[in-house]
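Fair warning: this is a prediction, and the values are worked out from it, not measured in the lab. Chain identifiers are assigned alphabetically (A, B, ...) following the order of the sequence lines, protein sequences preceding nucleic acid strands; residue numbering begins at 1 within each chain.
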2 protein chains.
Amino acid sequence: MDVIGKDDAGRRWSIGEIARASGMTVRALRHYDEIGLLSADERTASGHRRYTERDVRRLYRVRALRALGLSLEEIASVLADSEGDLAAMRDLLTAQLRGLEAHAVRIQQLTHRLHGLLEQIDGALMPDPDQFMTTLEMISVFETSFTTEQREQLARRRTELGSEAVEAAKTEWAGLVEELLRHVQDGTPVDDPQVRALVGRWDTLASGFHSDGEDGERTKAAAQRTWEENSEEIGRGLPWPVDRMRDLVHYLERARQAG
Amino acid sequence: MDVIGKDDAGRRWSIGEIARASGMTVRALRHYDEIGLLSADERTASGHRRYTERDVRRLYRVRALRALGLSLEEIASVLADSEGDLAAMRDLLTAQLRGLEAHAVRIQQLTHRLHGLLEQIDGALMPDPDQFMTTLEMISVFETSFTTEQREQLARRRTELGSEAVEAAKTEWAGLVEELLRHVQDGTPVDDPQVRALVGRWDTLASGFHSDGEDGERTKAAAQRTWEENSEEIGRGLPWPVDRMRDLVHYLERARQAG
DNA sequence: CTAGGACCTTCCGTCGCGGCAGGTTCAAGC
DNA sequence: GCTTGAACCTGCCGCGACGGAAGGTCCTAG
């Protein structure tokens with residue numbers, strides 16, 4: 001019968017045999033030994049590792065937990081906790097699940113953003129690489145300035161709009177910024193009908209981001225003032241691209257006054 | 001007017017100013033310098049970095065691309081390619097998107113598996129930690145043995161069934177294996193009605209995995225033989241858990257002959 | 001007895017920095 | 001001009017989970 005807790009008898013395996021059988025590499029097994037996660041119970045006189053059946057059982061557990069995405073440290077702790085405390089295990093797996101969910105959200109955001117940018121490239125809307133990079137810079141500035149100060153407001157709006165709407169808006173900014181920048185650079189008059197249409201879209205998007213609980217006009221002014229403050233605070237003397245953004249906002253202001 | 005390509009005139013910024021303005025850390029900027037991604041154009045006589053406007057522009061591009069999840073090496077290469085080759089950029093972003101999609105699939109799988117395991121724990125179906133670990137080991141062995149030899153077949157079935165169905169099946173294995181293992185250990189007679197029901201579920205699941213283009217009986221035999229070969233090949237003398245799996249399969253065989 | 005494969009330890013590399021040690025320099029106030 | 005504290009410099013170790021190589025020892029089949 002089985003003698004539990006003793007390995008006086010029974011087969012021993014070399015590290016290579018264990019590796020071939022378990023699908024792990026010899027190097028990984030030695031690493032587990034190094035960090036104390038799984039060391040061979042015995043050594044031969046010459047120092048070769050001899051794994052016992054108990055070791056093999058532990059290895060299979062390690063591998064199973066690693067396949068679930070746990071770190072080696074977490075695995076060590078959960079295997080140390082009475083070799084299988086289900087409550088600790090449940091907590092760990094739950095935490096792992098939370099982490100994965102957060103990760104999934106992040107990936108979703110990035111995926112959406114990349115789709116938007118690729119569409120812009122493929123749509124031949126942006127033949128100029130420099131312009132494209134500038135747009136990227138703008139979005140970067142735009143997002144970081146908002147995530148620093150107005151994260152809470154954005155979070156509230158996000159729950160109302162649904163996060164997809166926010167993401168969609170973000171990628172729509174790309175094209176909008178690009179077109180308006182071109183007009184700023186070209187010095188297109190602010191009462192140009194095309195410009196007015198773009199400004200209209202801008203304000204629509206902006207009002208979606210800011211709290212428009214009061215009246216609409218005050219909101220737009222507030223949005224603009226927010227930008228002023230942000231650029232002053234963030235880009236203390238920096239010319240790029242906060243400065244370009246400021247130019248763009250000034251241009252927008254003039255366009256609104258002209259309309 | 002702007003003098004492009006020359007920075008003889010214009011403001012210079014220290015590394016701290018750049019860091020505060022861009023939201024990056026001083027350490028990160030020095031790292032970018034170290035790896036040659038972004039070095040300050042000039043140095044003071046004493047060695048302090050002096051960043052020019054060109055550097056700042058490059059930094060913003062780096063930050064934007066990093067926010068899209070690109071590696072610093074990729075960023076360096078795409079910024080080196082004529083400072084903005086849109087085709088190269090498009091390729092990189094596309095590759096990035098592919099990577100993210102693959103990542104999302106992986107996360108989805110892990111999430112599903114974790115949900116299944118947590119349900120089993122919470123459902124009080126598994127009061128014994130050791131039994132739970134054993135189940136984990138089984139699933140691990142099961143999956144690795146299938147991913148090595150029959151990956152193509154599985155892939156074909158996956159596209160037919162839809163990946164969710166395959167995932168659902170995988171987590172259903174957990175409970176099935178656990179219950180059957182208990183019967184094997186307890187020595188429940190193979191003609192027990194409960195055991196027969198479990199075997200029925202097992203075969204149903206298995207037939208979903210294997211190609212059942214021919215007749216059903218041959219499929220089951222083939223599935224079983226596959227297991228035999230796998231355990232022989234993989235666990236050459238290993239007692240655990242391939243051996244337990246072999247016992248389980250033998251038990252299944254006897255149950256089928258009894259039925 | 002010999003050959004070649006399996007095994008051993010030790011160290012360096014990954015990726016994107018964080019953080020510290022130990023030294024120099026800058027800018028403001030006196 | 002002097003002091004002082006903040007900012008800057010280089011250089012090194014650390015992280016996680018190993019991969020890979022160097023240089024040596026051991027095992028086993030023929």
Whichever of A/T44 and A/I35 has the more 5' nearest nucleotide on DNA chain D, that residue is A/I35
Let me know the distance between [atom1] of [X] and [atom2] of [N], rounded to the nearest Å.
X     : N      : atom1 : atom2 : answer
B/H31 : C/dG19 : NE2   : C1'   : 15 Å
B/L38 : C/dG16 : CG    : P     : 15 Å
A/D33 : D/dC18 : CG    : P     : 14 Å

So does A/Y32 get a side-chain nitrogen or oxygen closer than 4.0 Å to the phosphate oxygens (OP1/OP2) of D/dA17?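 A/Y32 to D/dA17 OP1/OP2: no side-chain N or O under 4.0 Å.
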Looking at DNA chain C, which of residues 69-77 of chain B put a heavy atom within less than 4.0 Å of it? B/S71, B/L72
Drop me the distance from A/L29's CG to A/E34's CD, to the nearest 0.5 angstrom.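 Output value for this atom pair is 12.0 Å.
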Within the 4.5 Å heavy-atom criterion, are [X] and [Y] side-chain neighbours or not?
X     : Y     : result
A/M89 : A/D81 : no
B/Y32 : B/R58 : no
A/L38 : A/L79 : no
A/D55 : A/W13 : no

Does CD belonging to A/E101 count more than 12 external heavy atoms closer than 6.0 Å?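 Count over threshold, so yes.
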Regarding B/R61 and A/E137, does a basic nitrogen lie under 4.0 Å from an acidic carboxylate oxygen?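 A salt bridge links B/R61 with A/E137.
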List in chain and number order the residues that pass ring-ring contact (aromatic ring centres under 6.0 Å, His included) with B/H103, two or more places apart in sequence or in another chain; answer none if no residue qualifies.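 So B/H103 forms a ring-ring contact (aromatic ring centres under 6.0 Å, His included) with A/H103.
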Minimum-distance nucleotide to A/T25 side chain [options: D/dC18, C/dC17, D/dG19]: D/dG19
Once each nucleotide of nucleotides 7-12 of chain D is scored for protein heavy atoms under 4.0 Å, what B/S/- sequence comes out, 5' to 3'? -SSB-B
